[in-house]
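All heavy atoms count here, side chains included; hydrogens, waters and symmetry mates do not. The first residue of the sequence shown is numbered 1, and numbering continues consecutively from there.
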Amino acid sequence: MIKLVYVLARREDVTAPQFYDYWLNTHGPKVRDRAQAIGARKYIQSHLVDSDLSEAFRAPRGMLRPAAGITEVWWDSFDGFKRGFESQEGAKAAMELAEDEAHFIDFRHSSIFLTQERLIFDWTDRHPLGADAVKITYLLQGKDGMTDAEVHRTWHDDHGPLVRGLADKVNMRKYIQSHTIEPDYARSIFSTRGVQAPLTGLTEVWVDSPASLESGFATAEGPEIAHILIEDERRFIDLPRSRCFLTKEHVIFDHLNAAAR
């Protein structure tokens, strides 16, 4: 299973309400209609949440401003992704989607990359997520002076367990790392959009609500936990070229779970 991550920037001549409405209600159905042609199995939009908590995560790290949101699309395999985009039908569908994206996305400030997910923990069986659930969306750029392999290893083997050990204290419910793969192929496939270079990956942490997240870090231990996490991130992440913000998920289609039922 692989996942495409598309970091979206909004066109300046499109208002925020217009952007999110078009993305969700016009573009989303167009992707759903072409899912079979491109071989996609699941598609989720994560829209930026208007919350002061995004700034609370960004400012201490000196990070870039939040993106408008991210798109995530899953395929059964890398070969399945290639077949979907390189077939005649898939290439035509991909071109039509790119033409539609131009109506609301600023390609020059967006980024597209392929990833493999690594689950660090999932406690939603004992803490089911409800309608108020949101996601900490952390777009990572690896630190200069480290190889890609070193960044991915530190992120997964060191930082992942650190977060897992502290998660309950700050009300984190689920944590997935998505590590970038095949960056050169992604550049070649999406070069016509003129997007930025692939990032190192994506961290996603689910919480019950913005209030739950805020209360977790407002405890006596909260500030020290935040400090520990930030200092560990500095070891392998170029924070000034990374982003962290809250998003709300919108499932457009999910044939993976439908097949499992």
Side-chain angles (χ1 to χ4, degrees), residues 1-50 66-78 80-115 117 129-135 137 139 176 178 186 189-196 202 204 206 245-261:
M1 186 66 61
I2 69 163
K3 180 175 73 177
L4 177 146
V5 178
Y6 193 159
V7 183
L8 274 64
R10 174 171 57 88
R11 278 180 38 167
E12 290 185 357
D13 60 340
V14 177
T15 67
Q18 289 171 338
F19 175 88
Y20 291 110
D21 178 69
Y22 193 94
W23 182 17
L24 181 64
N25 296 312
T26 299
H27 186 70
K30 289 184 178 182
V31 178
R32 185 174 57 234
D33 291 344
R34 292 162 177 79
Q36 185 173 356
I38 62 175
R41 302 297 306 283
K42 180 179 177 181
Y43 171 35
I44 288 179
Q45 297 178 1
S46 295
H47 296 202
L48 175 65
V49 172
D50 184 12
I70 64 169
T71 278
E72 296 169 276
V73 189
W74 285 255
W75 279 261
D76 287 327
S77 64
F78 178 61
F81 173 84
K82 290 178 66 176
R83 285 194 300 272
F85 274 78
E86 294 177 2
S87 69
Q88 183 175 355
E89 183 183 16
K92 178 176 180 293
M95 181 183 66
E96 292 169 346
L97 292 176
E99 291 172 350
D100 191 62
E101 290 163 11
H103 289 113
F104 66 107
I105 296 174
D106 177 356
F107 291 134
R108 296 171 304 159
H109 297 100
S110 300
S111 181
I112 307 175
F113 47 100
L114 298 173
T115 70
E117 291 188 337
L129 296 173
D132 295 328
V134 293
K135 181 172 68 178
T137 301
L139 299 164
I176 289 178
S178 297
I189 287 293
F190 300 110
S191 60
T192 56
R193 287 174 170 84
V195 294
Q196 296 179 351
L202 164 71
E204 297 167 287
W206 286 258
F245 49 96
L246 292 191
T247 62
K248 181 74 173 179
E249 290 191 339
H250 299 270
V251 179
I252 308 303
F253 61 83
D254 185 354
H255 303 318
L256 293 173
N257 287 328
R261 287 195 290 267

Is a side-chain donor or acceptor of Tyr20 paired with a backbone partner of Ala68 at a separation under 3.5 angstrom? yes
Residues Trp74, Glu117; criterion side-chain contact (heavy atoms from CB on, under 4.5 Å); working and verdict: CA-CA 10 Å; Trp74 285 255; Glu117 291 188 337; 3.3 Å; yes
Can you find a heavy atom in the side chain of Phe81 that is under 4.5 Å from one in the side chain of Asp76? no
Nearest 0.5 angstrom please: Ile252 CD1 to His250 NE2, how far? 8.0 Å
Does either side chain, that of Tyr43 or that of Gln45, offer a donor lying less than 3.5 Å from an acceptor on the other one? yes
With the threshold set at 4.0 Å, does a side-chain nitrogen-carboxylate oxygen contact exist between Glu249 and Lys42? no
Going through the checks in order, is the salt bridge (charged side-chain N to carboxylate O under 4.0 Å, His left out) test met by Lys135 and Glu72? CA-CA 13 Å; Lys135 181 172 68 178; Glu72 296 169 276; 3.1 Å; yes
So Phe107 and Phe190, do their side chains get closer than 4.5 Å, heavy atoms only? no
Which atoms form the tightest heavy-atom contact between Ala9 and Phe19, and what is the distance? O-CE1, 4.2 Å
Assess the residue pair Gln196 and Arg108 against the criterion (side-chain contact (heavy atoms from CB on, under 4.5 Å)); give the C-alpha distance rounded to whole Å, side-chain angles, the decisive distance to 0.1 Å, and a yes or no. CA-CA 6 Å; Gln196 296 179 351; Arg108 296 171 304 159; over 6 Å; no
What is the minimum heavy-atom distance between Tyr22 and His103, and which atoms define it? OH-ND1, 3.5 Å
Distance, nearest 0.5 Å, that separates CD1 of Ile189 from CD1 of Ile112: 10.5 Å
Testing the 3.5 Å rule here: is there a donor-acceptor pair between the side chains of Glu101 and Tyr6? yes
Gap separating the CD1 atom of Ile70 from the CG atom of Leu48, nearest 0.5 angstrom: 11.0 Å
Please find out if less than 6.0 Å separates the ring center of His47 from that of Trp23. yes
Any chance you could measure Leu202, atom CG, to Ser111, atom OG, to the nearest 0.5 Å? 11.0 Å
Which heavy atom in Glu204 sits nearest to a heavy atom in Lys3, and how many Å separate them? OE1-NZ, 3.1 Å
Contacts of Lys248 that satisfy side chain to side chain donor-acceptor pair (under 3.5 Å) - sequence neighbours left out: none
Are the side chains of Met1 and Leu256 in touch, meaning some heavy atoms are under 4.5 Å apart? yes
Heavy-atom closest pair, residues Lys30 and Asp100: NZ-OD1, 2.9 Å
For atom CD of Gln36, decide whether the heavy atoms of other residues, nucleotides or ligands shown that lie under 6.0 angstrom number more than 12. no
Tell me whether the count of non-hydrogen atoms from other residues, nucleotides or ligands lying under 6.0 Å of CG in Asp50 goes above 12. no
Minimal heavy-atom distance between Leu24 and Pro29, with the atoms involved, is O-CD, 3.4 Å
For the atom pair CZ (Arg193) and CD (Glu99), what is the distance rounded to the nearest 0.5 Å? 10.0 Å
Aromatic ring proximity, centroids under 6.0 angstrom, Phe104 and His27: yes
Considering only heavy atoms from C-beta outward, does the side chain of Leu4 approach that of Trp75 to under 4.5 Å? yes
Considering all heavy atoms of both residues, which atom of Ser110 and which atom of Ile105 are nearest to each other, and what is their separation? OG-CG2, 3.4 Å
Here the gap from Leu246 atom CG to Thr137 atom OG1, rounded to the nearest 0.5 Å, amounts to 7.5 Å
Worked check of salt bridge (charged side-chain N to carboxylate O under 4.0 Å, His left out) between Arg11 and Asp106: CA-CA 5 Å; Arg11 278 180 38 167; Asp106 177 356; over 6 Å; no
So does Arg83 get a backbone contact from the side chain of Glu86, meaning a donor-acceptor N/O pair under 3.5 Å? no
